[in-house]
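Reviewing the structure listed below.
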There are 2 protein chains.
Amino acid sequence: MKPGPLKARGPRPRIIARVPGLSYGDLDQHLGYVLRRAQLAAFEVFQRSTAGVDITPPRYTALTIVGANPGMSQSSLGAALGTARSGAMMLTDWLEARGLAERRRLNGDARAWGLHLTARGKALLARIRRRVLVDNAAFAARLAPSELVTLKKLLEKLTG
Amino acid sequence: MKPGPLKARGPRPRIIARVPGLSYGDLDQHLGYVLRRAQLAAFEVFQRSTAGVDITPPRYTALTIVGANPGMSQSSLGAALGTARSGAMMLTDWLEARGLAERRRLNGDARAWGLHLTARGKALLARIRRRVLVDNAAFAARLAPSELVTLKKLLEKLTG
DNA sequence: GCGTATTGTTATATAGCATTACAATCAGAG
DNA sequence: CTCTGATTGTAATGCTATATAACAATACGC
């Protein structure tokens, strides 16, 4: 991806600010705490990138995964998102109601639907994706490029 | 009026396992996505460490911070946790109902309460803390010690 | 003293899930 | 083939965490 103007839109993300003069004990020794703070910061960056577009991380993830796997089932989507089938169902309803995705009957299985992005869904994803990745890069620019590579590698090693 | 029992059961931990044979598109290029996966993994470890003890990360954080700052106000706690005052209020109610913390009048300000851990609160925190940190270390053991140091350093640099 | 800001509190609303139950369909044993 | 159990989508329900708004009491600045 082209680096481009790495200027984040809007003010800096409002990370959960540390309260001055307050002790946080040994929380920084807790990897989960540090991870959560970082994830919240990334979440705020995402929200800024998608301001005005009624999207959320799960919806964005669903768009991406359905786009990468045309014809996949709702159950499969739910598994990929780590949510119950009912969650994948609501997500799919939402996408379909906005004309971003559609259910098509599978010829092999009369129970399941095959999920597909519509042209509008693909267009929206492409448009949002660019903004998200650009702002993402701006956010990550607090680290040197090599540091970012290291960070992602360590996180993936940790997650397994 | 105090908010009753406040049920014990939390939601099932969302273990996001990768679905075999499914493409995840470019999600791994999204720092927020990778961070969220790692944070969920850490959350699951936390749940395992505190099984049987009706605790959550916010409650654990509140215990730690109140313990490190005796006499702090509820507003200050809310700010530290990044939640509204009403959130800090419910949290304090919960701690007080379990005899883990108590409100004491401040002599300087008749509006605010000063928060303090009780002996029971300190004991519970110490007991849980040991388990959490041990399991935390086991979780982080997927990384070499030097890698863990690097990871924390990069995360803190990212969060600012 | 007076207007404004802060603190705790309460009530209310909402989003995002899980849980459960159910009908239709599939898969496999025999 | 039939029977049994598993899977898929769906609908109904409930719960948890959080935000929001309103309010009284108190503090603070001019």
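A, B, ... follow the sequence lines: proteins, then strands. Residue 1 opens every chain. What's counted below: heavy atoms across the whole structure, side chains too, no hydrogens, waters or symmetry copies.
When the side-chain nitrogen and oxygen atoms of A/S86 are compared with OP1 and OP2 of C/dC17, none of them lie within a distance under 4.0 Å. Between A/R85 and C/dA21 there is no side-chain N or O to OP1 or OP2 distance below 4.0 Å. A sub-4.0 Å separation between OP1 or OP2 of C/dG8 and a side-chain N or O of B/S75 is present. The side chain of A/Q74 contributes an N or O atom lying less than 4.0 Å from OP1 or OP2 of D/dT10. For the pair A/R103 and D/dT10, the criterion of a side-chain N or O lying under 4.0 Å from OP1 or OP2 is met.
Here the side chains of B/I65 and A/L27 are in contact, with some heavy-atom distance below 4.5 Å. Annotation: side chain of B/L115 is in contact with side chain of B/R103 (closest heavy-atom distance under 4.5 Å).
At a threshold of 4.0 angstrom between heavy atoms, the contacts of A/A112 are confined to the sugar-phosphate backbone, with no base atom among them.
Here C/dT7 presents its P atom at 12 Å from CE of B/M72, a figure rounded to the nearest Å. What separates CG of B/N107 from P of D/dT26 is a distance of 16 Å, to the nearest Å. Taking atom CD on B/E96 and atom C1' on C/dG8, their separation rounds to 13 Å, with Å as the unit. Rounded to whole angstrom, the span from the CZ atom of B/F43 across to the C1' atom of D/dT16 amounts to 12 Å. The CE atom of A/M89 sits 7 Å away from the C1' atom of D/dA11 (whole-angstrom rounding). Taking atom CZ of residue A/R59 and atom P of nucleotide C/dA15, one finds them 9 Å apart after rounding to whole Å. Regarding B/L81, its CG atom lies at a distance of 13 Å from the P atom of D/dA17, rounded to whole Å. What separates CG of B/L91 from C1' of D/dT16 is a distance of 13 Å, to the nearest Å.
Residue B/R105 is the one, among A/M90 and B/R105, whose nearest nucleotide of DNA chain C lies closer to the 5' end (criterion: closest heavy atom). Where A/R111 and B/W113 each meet DNA chain C at their nearest nucleotide, the meeting point lying more 5' is that of B/W113. Residue whose closest nucleotide on DNA chain D sits further toward the 5' end, between A/D93 and B/P58: A/D93.
Using a 4.0 Å cut-off between charged side-chain N and carboxylate O, B/D54 and B/R59 make a salt bridge. Ion pair B/E44/B/R48 flagged as a salt bridge, since at least one NZ, NE, NH1 or NH2 atom sits closer than 4.0 Å to an Asp/Glu carboxylate oxygen.
Closest to the side chain of A/T83, from the set C/dG16, C/dA18, C/dT25, is C/dA18.
A cation-pi contact, defined as under 6.0 Å to the ring centre and within 45° of the axis, is absent between A/R104 and A/W113.
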